[in-house]
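These notes concern the structure reproduced below.
The basis for the numbers below is simple: all heavy atoms, side chains too, and nothing from hydrogens, waters or symmetry mates. Throughout, numbering of the chain's residues begins at 1 and tracks the sequence.
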Amino acid sequence: MKNRGKLILMAGMLGANVAQASLISVGSGLVYDSVANVTWSSDANLLGTMESSTPGLIANIIAMVPVVTDTPNSVDTPANSGHYDVTAADFGANGTADWFGQMAFAQYLNTLNVGQGYLGHNTWILPTTYNQTCVGNNCTNSMMGELFYTGLGGTATQSITTSHNGNFNLFTNVQSNDYWSGTEYIASPGNAWYFSTASGAQNFGTKPGYFNSWVVLSGNASASVPEPAGLALFGIGMLGMISRRRRSAFPKIPLCFRRHCASVER
């Protein structure tokens, strides 16, 4: 009974720990966020990394994704056309680009490896801002906001590079800068949402601004990582198997009273 109690306690602790673990490295340059149910690139400045290792990268991006579509607005080419012609001027230094350049980069990742996509995935996007109601610090209504405050334990008004939890080490090249969201600002679609990892603030800005990008996949990109609930159920199932084995280890012995016998467990 004591051992069984210990096993039940261990299973409970396993379920609790898994439920609290929001970021899990799933290998191959991917980190799964079980709270937002998305998978991040472990390289938080992938465009900058690829620029330094791939000559002619910007030209390749433009060739594969020459046009980005959006809600018609004044910065389109031509204005209010609902599309934008991507050029080299949309890309800055150290992995920065305007909103159109970063959107083109995310789409470019999906064309790699004959359409199989970067790291075998062809659904890369810029992070989503779920609604248009929160501006400033402590906004977790976006993928980046949830990552900053929940996943990485960031602190409002402080850079994520100096204030974070241990999950920060799952990533490389995290920039203390503004990161574009793929979500346009509905009230004025010449703007889009962004998130500052330098201060934990969320806001919207004009699409021609040069910010970084942190690309992401929807859902769990690795089937090898069980969902938290699945792991808890697995632990409970193991307890059941162990309990049955313990019962079967003890043979039944006859207990007789006046010619009537019954088998009971020891």
Apart from Tyr185 itself, which Ile, Leu, Val, Met, Phe, Trp or Tyr residues share its cluster (side-chain heavy atoms under 4.5 Å, direct or through members)?
-> Val135, Trp193, Phe204
Determine, step by step, whether Leu46 and Leu109 satisfy the side-chain contact (heavy atoms from CB on, under 4.5 Å) criterion, reporting the C-alpha distance in whole Å, the side-chain angles of both residues, the deciding distance to 0.1 Å, and the verdict.
-> CA-CA 10 Å; Leu46 184 60; Leu109 294 175; 3.9 Å; yes
Value for OG (Ser181) from CH2 (Trp99), rounded to nearest 0.5 Å, stands at 9.0 Å
Test item: Thr197 side-chain N/O and Asn177 main-chain N/O as donor-acceptor pair under 3.5 Å = yes
Short side-chain to backbone donor-acceptor contact, Asn167 and Gly151, under 3.5 Å | yes
Is a donor on one side and an acceptor on the other found under 3.5 Å between the side chain of Ser81 and the backbone of Asp76?
-> no
Spell out, as yes or no, whether a donor-acceptor pair under 3.5 Å connects the side chain of Trp180 to the backbone of Ala97.
-> yes
For residues Phe171 and Trp40, establish whether the separation of their ring centroids is below 6.0 Å.
-> no
Could you walk me through whether Asn137 and Gln202 pass side chain to side chain donor-acceptor pair (under 3.5 Å), step by step?
-> CA-CA 6 Å; Asn137 293 116; Gln202 179 171 280; over 6 Å; no
Find out whether Val86 and Pro66 are in side-chain contact, i.e. whether some heavy atom of one side chain is under 4.5 Å from a heavy atom of the other.
-> no
Would a 4.5 Å heavy-atom cut-off, applied to side chains only, mark Glu184 and Asn191 as touching?
-> no
Any side-chain heavy atom of Phe100 sitting closer than 4.5 Å to one from Met103?
-> no
Side-chain contact test, heavy atoms from C-beta onward, threshold under 4.5 Å: evaluate it for Thr49 versus Asn173 and give yes or no.
-> yes
Given the rule in the side-chain contact (heavy atoms from CB on, under 4.5 Å) test, do Asn113 and Tyr118 qualify, once you have shown the distances and angles that lead to the verdict?
-> CA-CA 7 Å; Asn113 301 317; Tyr118 175 68; 5.6 Å; no
Evaluate side-chain contact (heavy atoms from CB on, under 4.5 Å) for Asp70 paired with His83, printing each intermediate quantity in order.
-> CA-CA 6 Å; Asp70 65 353; His83 63 78; 5.6 Å; no
From Phe195, Phe211, Tyr210, Trp214, residue fulfilling ring-ring contact (aromatic ring centres under 6.0 Å, His included) relative to Tyr179 = Trp214
Under a 4.5 Å cut-off applied to non-hydrogen side-chain atoms, are Leu57 and Tyr108 in contact?
-> yes
Look only at the side chain of Thr39 and the backbone of Ala221, and say whether a donor-acceptor pair between them is shorter than 3.5 Å.
-> yes
Which pairs, with at least one residue in residues 91-197 and sequence neighbours excluded, count as a disulfide (SG to SG under 2.5 Å)?
-> Cys134-Cys139
Measure from the side-chain N and O atoms of Asn141 to the backbone N and O of Tyr130, and report whether any donor-acceptor pair falls under 3.5 Å.
-> no
Find the distance between CD1 (Ile62) and CG (Asn60) and round it off to the nearest 0.5 Å.
-> 9.5 Å
Using a distance-only test with no angle check, is there a side-chain donor-acceptor pair under 3.5 angstrom linking Thr133 and Asn131?
-> yes
Is it true that a side-chain atom of Asp90 and a backbone atom of Thr87 form a donor plus acceptor pair closer than 3.5 Å?
-> yes
Student check: side-chain heavy atoms of Tyr84 and Thr69 closer than 4.5 Å | no
